[in-house]
Amino acid sequence: MKKILGFFSLMLGVILVSSCATKKGDLGSTEETLFSNKWQFVELANVAINKEVNGTVPYLSFDKAEKRFSAITGCNTVNGNFTATNSKAEFGLGMSTMMFCEDMSVENGFKQILENVKTYKIIGNELVLMGSNDKVLAKFNKYNN
């Protein structure tokens, strides 16, 4: 009887350790997906974004080693600090080039949501940035240039 209980205890321990390792691996792959891709703007504050803005495809990218983000908004480049841990995300204040373009809507909209981003999730080829109460602030698709 003791051998049977010992065996079941051992099996339960293996199952628990395996399930924790799987979750940790999933988070790592989510973060890897975030940092290893460029993300094309699809939607900001529930407003669809054209594929090209001022003749340029707007996209967002992240540098894990430097803890930075860079966005091409269809006009200017916006850069700043960025941290991601598990599903939490934080954009820090940054800088931007200062050209004037005919359509500044993506740039202005993106700058307005940055300080409100709290979390992110990746579903398939889509990156979603969310604020408080899981409110969707922006959506992106993997960008294949």
Donor-acceptor pairs under 3.5 Å, side chain of residues 64-76 to any protein atom, not counting sequence neighbours: which ones?
| from | atom 1 | to | atom 2 | distance (Å) |
| --- | --- | --- | --- | --- |
| Arg68 | NH1 | Asn81 | OD1 | 2.9 |
| Ser70 | OG | Asn79 | OD1 | 3.0 |
| Thr73 | OG1 | Asn76 | N | 3.3 |
| Thr73 | OG1 | Asn76 | O | 3.0 |
| Thr73 | OG1 | Glu107 | OE1 | 3.2 |
| Asn76 | OD1 | Thr97 | OG1 | 2.7 |
| Asn76 | OD1 | Met98 | N | 3.4 |
| Asn76 | OD1 | Met99 | N | 2.7 |
| Asn76 | ND2 | Met99 | O | 2.8 |
| Asn76 | ND2 | Glu107 | OE1 | 2.9 |
| Asn76 | ND2 | Glu107 | OE2 | 3.3 |

Show me the donor-acceptor pairs within less than 3.5 Å that the side chains of residues 37-44 make with the rest of the protein, sequence neighbours left out.
| from | atom 1 | to | atom 2 | distance (Å) |
| --- | --- | --- | --- | --- |
| Asn37 | ND2 | Thr33 | O | 2.7 |
| Trp39 | NE1 | Leu34 | O | 3.1 |
| Trp39 | NE1 | Asn37 | O | 3.4 |

Run the side chain to side chain contact (heavy atoms under 4.5 Å, CB included) check on Val57 and Tyr143 step by step: do they pass?
CA-CA 9 Å; Val57 176; Tyr143 176 48; 3.5 Å; yes
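Note that CD of Glu90 is 9.5 Å distant from CZ of Phe82, once rounded to the nearest 0.5 Å. Distance check: Glu32 CD to Ile122 CD1 gives 10.0 Å after rounding to the nearest 0.5 Å.
When hydrophobic clusters are built by joining Ile, Leu, Val, Met, Phe, Trp and Tyr residues whose side-chain heavy atoms come closer than 4.5 Å, directly or via intermediates, Val78 is grouped together with Leu127. Met130 and Val117 are assigned to two separate hydrophobic clusters, defined by single-linkage of ILVMFWY side chains at heavy-atom distances under 4.5 Å. Val106 and Val136 fall into different hydrophobic clusters, where Ile, Leu, Val, Met, Phe, Trp and Tyr residues are linked whenever their side-chain heavy atoms come under 4.5 Å apart, directly or through other members. Transitive grouping of hydrophobic side chains (ILVMFWY, heavy atoms separated by less than 4.5 Å) brings Ile49 and Leu114 into a common cluster.
Classification of the Phe140-Phe110 ring pair by plane angle, with boundaries at 30° and 60°, yields perpendicular.
Residues Tyr120 and Leu129 come closest through the heavy atom pair CB-CD2, 3.9 Å.
With Asn133 contributing its side chain and Lys135 its backbone, the two residues share no donor-acceptor pair below 3.5 Å.
At most 12 heavy atoms of other shown residues, nucleotides or ligands fall within 6.0 angstrom of atom CD in Glu115. Around the NZ atom of Lys111, the shell of radius 6.0 Å holds more than 12 heavy atoms that belong to other residues, nucleotides or ligands.
In this structure, Glu102 and Asn54 have side chains that are in contact, with non-hydrogen atoms separated by less than 4.5 Å. Looking only at side-chain heavy atoms (C-beta outward), Ser132 and Lys118 come within less than 4.5 Å of each other. Residues Phe62 and Glu31 have side chains not in contact (no heavy-atom distance under 4.5 Å, counting atoms from C-beta outward).
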